[in-house]
J.: 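Take a look at this one; I'll ask things after.
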Amino acid sequence: MSTADPQTATVRTRFAPSPTGFLHIGGFRTIIFSWLLARRHGGQFALRVEDTDQQRTVPGVVEDFLEGFRWMGIDLDEGPVIGGPFGPYYQSQRRDLYAAYAHQLVASGHAYRCFCSKERLEEMYADQQARHLPTTGYDRRCRRLSPSEIDANLAAGLSYVVRIAIPTDGDTIVPDALRGDVVFHHRALEDLVLLKSDGYPTYHLASVIDDHLMRFTHILRGDEWLSTAPIHKLIYDALQWEWPITAHVPSVMGSDGRKLSKRRGAQSILYYRDQGFLPHAIINYLALLGWSYDDKTEILSVDQLQQAFSLERVQRSGAVFDEERMKWFNGVYIRQMAIDELLDHVLPFMERPAADGGLPDEVARPLNRAFVRRVVQLDQERIKLLTDVVPLTDFFFVNTLTYPVEWLIGKGLDAAGARSGMERALGSLESNLTWEAAVLEETMRQLATDMGVRPGPLFMGLRVAVTGRKETPPLFATMEILGREETLKRVRSGLELLAAL
RNA sequence: GGCGCAUUGGUCUAGCGGCCUAGGACGCCUCCCUUUCAAGGAGGAAAUCACGGGUUCGAAUCCCGUAUGCGCUACCA
């Protein structure tokens with residue numbers, strides 16, 4: 001968190017979602033950019049909830065947002081629940097504020113009341129479409145109303161909206177930190193609604209007013225907002241406010257090349273948590289999706305990112321979200337992690353019910369931490385997702401193994417050869433007093449030599465008998481952890497299977 | 001349709017006029033290490049830098065046009 005004074009901070013950023021559903025990974029990329037920028041300069045980062053559309057507001061999602069932030073380790077300086085010097089941080093609680101500014105704009109001639117009914121608007125739009133007019137949009141009928149007509153409408157109690165009065169000619173230049181000056185011709189702009197008939201502001205009005213009042217210096221938002229930026233600029237100008245630094249960051253795309261969206265299957269950040277992704281891996285991956293440090297560095301800690309992030313190195317074009325690449329980052333972070341920290345992360349995944357991806361329910365919970373620690377240590381470099389740990393290690397915990405008998409017969413061996421190998425292996429394991437990986441390996445290698453077979457196939461038979469798998473961590477370390485009794489038990493039942501052939 | 005933004009291997013990217021016979025990473029393939037799988041190491045395939053014109057002694061880098069993609073075009077954000 002920042003300790004700088006919010007009143008004078010040179011960098012204040014925010015994320016301002018509408019509470020209409022969960023935040024997906026694309027939203028979090030923008031959050032990470034904004035947060036990193038604030039942290040880079042010792043400024044503040046805030047969350048503001050844009051709940052100005054009563055119909056679309058979904059109760060409870062703010063808690064989801066906060067949970068996502070908390071889990072990701074993205075600390076907020078201001079926002080719902082925690083508050084701050086520029087609250088409230090729910091726009092629905094700031095309603096009167098927007099109406100006052102809307103009327104100020106009406107008074108200064110930058111906006112006007114529009115009494116057109118929904119029906120008339122629909123007719124108008126339908127007509128425009130039918131005639132394939134080059135520019136659609138409101139026909140500005142109410143902009144030409146005389147003062148007496150307006151008074152009459154008001155007196156009659158007609159409901160109205162407030163629309164911005166776009167200048168009829170000239171253009172507005174929007175300075176963007178990523179794209180330079182973007183020119184918009186007024187002719188192509190529409191008299192958008194600023195204040196709805198229910199008294200709530202639209203996004204355009206509310207976000208402009210709040211961004212100014214809350215003193216945000218850098219506005220980062222998705223590039224889908226670029227087309228409406230001139231409207232915002234016009235409002236700033238009309239109110240004689242200073243335009244902040246804006247950066248319209250490129251979208252995160254799905255593999256279909258289209259902008260990621262809930263509708264097209266984008267997942268919540270919490271979904272990735274449940275998949276076994278680590279927050280730092282996600283942050284590292286996401287930071288590099290549309291931003292780069294240099295020509296080669298891939299692994300950057302949150303600390304390093306907070307030192308290095310800058311708008312100058314943000315990409316201008318959209319980037320496709322690649323879960324495979326994010327998985328690779330996750331694996332790197334898992335391998336780097338201290339074993340006890342990894343254990344803290346992995347235990348909950350192992351202990352949850354089998355139906356939720358945990359170990360079989362027959363395995364008693366809580367697990368023995370010391371034992372699991374040895375197991376996980378053995379598999380650390382094989383784990384890409386925290387959820388991998390269950391299929392990777394479950395054979396350490398179960399009582400009975402199920403596998404095809406043929407697997408017990410190593411490459412180049414026949415059933416009889418496999419059986420005698422297993423018999424002799426069992427014999428020397430039983431007589432082996434020192435149950436240590438190195439000793440076990442030495443003993444088994446000697447056995448292979450004595451039998452005149454290659455160690456590989458012999459070990460494979462044992463591997464299957466002991467683990468039920470063909471792909472496992474190193475065999476003798478596995479046996480050591482499993483313990484003498486359990487290992488011998490498993491080798492014996494493998495032998496029984498071979499004998500029954 | 002109108003307006004806007006973008007365009008380097010399948011994907012993420014480096015590059016901001018000569019260092020580029022275009023570098024790194026994910027993924028893929030081969031080999032090495034090795035009891036299997038990973039991890040690690042060494043290689044490889046993969047980009048006519050969207051296309052076409054300029055500008056320049058020289059362009060992936062600057063300008064113009066075209067194409068393609070994406071976004072916006074609501075009293076939704």
Side-chain angles (χ1 to χ4, degrees), chain A residues 16-20 50-53 55-56 114 116 118 121-122 125 129 132-138 159-163 174 176 178-179 182-185 187-190 192-198 200-204 206-207 221-230 248 250-251 253 255 257-259 285 288-299 312-313 315-329 331-332 335 379-384 392 410-411 441 444-445 448 454-464 467 469-476:
Chain A
S18 62
T20 54
E50 309 223 325
D51 53 348
T52 55
D53 184 347
Q55 270 75 44
R56 299 208 316 154
C114 170
C116 290
K118 273 224 161 87
L121 293 177
E122 271 166 33
Y125 289 132
Q129 269 205 322
H132 294 99
L133 256 40
T135 45
T136 52
Y138 179 58
S159 75
Y160 62 86
V161 299
V162 172
R163 289 182 183 274
V174 176
D176 185 87
L178 267 35
R179 299 156 213 276
V182 185
V183 180
F184 294 88
H185 304 297
R187 281 209 60 93
L189 264 29
E190 297 176 32
L192 291 181
V193 170
L194 262 24
L195 192 70
K196 303 183 236 180
S197 53
D198 64 2
Y200 277 89
T202 59
Y203 169 81
H204 308 295
S207 72
R221 69 212 318 187
D223 63 1
E224 69 268 24
W225 291 106
L226 188 55
S227 355
T228 51
H248 291 88
S251 314
M253 321 283 221
S255 43
R258 309 236 281 143
K259 187 175 170 294
Y285 167 73
L288 257 26
L289 193 65
W291 177 81
S292 60
Y293 176 74
D294 62 12
D295 59 340
K296 55 178 82 69
T297 311
E298 306 283 343
I299 304 302
E312 290 81 69
R313 295 190 68 89
Q315 195 80 7
R316 270 172 291 271
S317 53
V320 176
F321 173 69
D322 180 2
E323 193 173 311
E324 277 305 312
R325 190 168 148 82
M326 188 161 84
K327 258 191 198 171
W328 174 77
F329 276 99
V332 171
R335 274 172 254 134
D379 261 309
Q380 184 163 8
E381 65 195 23
R382 269 161 280 262
I383 304 171
K384 276 202 160 126
L392 241 25
K411 220 179 197 165
E441 176 168 358
M444 289 300 106
R445 283 191 188 282
R454 297 194 308 131
L458 177 70
F459 292 178
M460 184 51 86
L462 280 171
R463 177 192 321 284
V464 171
T467 67
R469 304 276 164 90
K470 294 205 275 196
E471 299 162 1
T472 72
L475 177 57
F476 303 105

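Letters go in sequence order (proteins before strands), and every chain restarts at 1.
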J.: Taking only residues two or more places apart in sequence or in another chain, which ones pass salt bridge (Lys or Arg N to Asp or Glu O under 4.0 Å) with A:Arg335?
T.: none
J.: Taking pairing as Watson-Crick or G-U wobble with both contacts under 3.5 Å, can you name the mate of B:rA47, or confirm there isn't one?
T.: none
J.: Is the number of heavy atoms from other residues, nucleotides or ligands within 6.0 Å of CZ (A:Arg454) greater than 12?
T.: no
J.: Under a 3.5 Å cut-off for both contacts, is B:rC37 paired Watson-Crick or G-U wobble with anything, and if yes, with which nucleotide?
T.: none
J.: Could you give the OH-to-C1' distance, from A:Tyr125 to B:rG2, as a whole number of Å?
T.: 15 Å
J.: Mind checking A:Lys470 for me? I need base, sugar-phosphate or nothing, with any heavy atom below 4.0 Å counting as a touch.
T.: base
J.: For A:Pro17, answer base if it contacts any base atom (sugar-phosphate contacts may also be present), sugar-phosphate if it contacts only those atoms, and nothing otherwise; contact means non-hydrogen atoms under 4.0 Å.
T.: nothing
J.: Students often get this wrong, so: under 4.0 angstrom with heavy atoms, is A:Lys196 touching a base, only sugar-phosphate, or nothing?
T.: base
J.: Remember a base hit wins even if backbone is also touched, and classify A:Thr52 as base, sugar-phosphate or nothing at under 4.0 Å, heavy atoms.
T.: sugar-phosphate
J.: Classify the nucleic acid contact of A:Arg179 as base, sugar-phosphate or nothing, counting any heavy atom under 4.0 Å across all strands shown.
T.: sugar-phosphate
J.: Who is the Watson-Crick or G-U wobble partner of B:rG10, with both distances under 3.5 Å?
T.: B:rC26
J.: Which nucleotide, if any, forms a Watson-Crick or G-U wobble pair with B:rA77, using both distances under 3.5 Å?
T.: none
J.: Listing time: all N or O pairs from protein to nucleotides 7-14 of chain B that are below 3.5 Å?
T.:
{"from": "B:rC12", "atom 1": "OP1", "to": "A:Val320", "atom 2": "N", "distance (Å)": "2.9"}
{"from": "B:rC12", "atom 1": "O2'", "to": "A:Leu288", "atom 2": "O", "distance (Å)": "2.9"}
{"from": "B:rU13", "atom 1": "OP1", "to": "A:Gly290", "atom 2": "N", "distance (Å)": "2.6"}
{"from": "B:rA14", "atom 1": "OP1", "to": "A:Ser292", "atom 2": "OG", "distance (Å)": "2.9"}
{"from": "B:rA14", "atom 1": "OP2", "to": "A:Gln315", "atom 2": "OE1", "distance (Å)": "3.0"}
{"from": "B:rA14", "atom 1": "O3'", "to": "A:Arg313", "atom 2": "NH2", "distance (Å)": "3.3"}

J.: Applying the Watson-Crick and G-U wobble criteria at under 3.5 Å, what pairs with B:rG18? Answer none if nothing qualifies.
T.: B:rC57
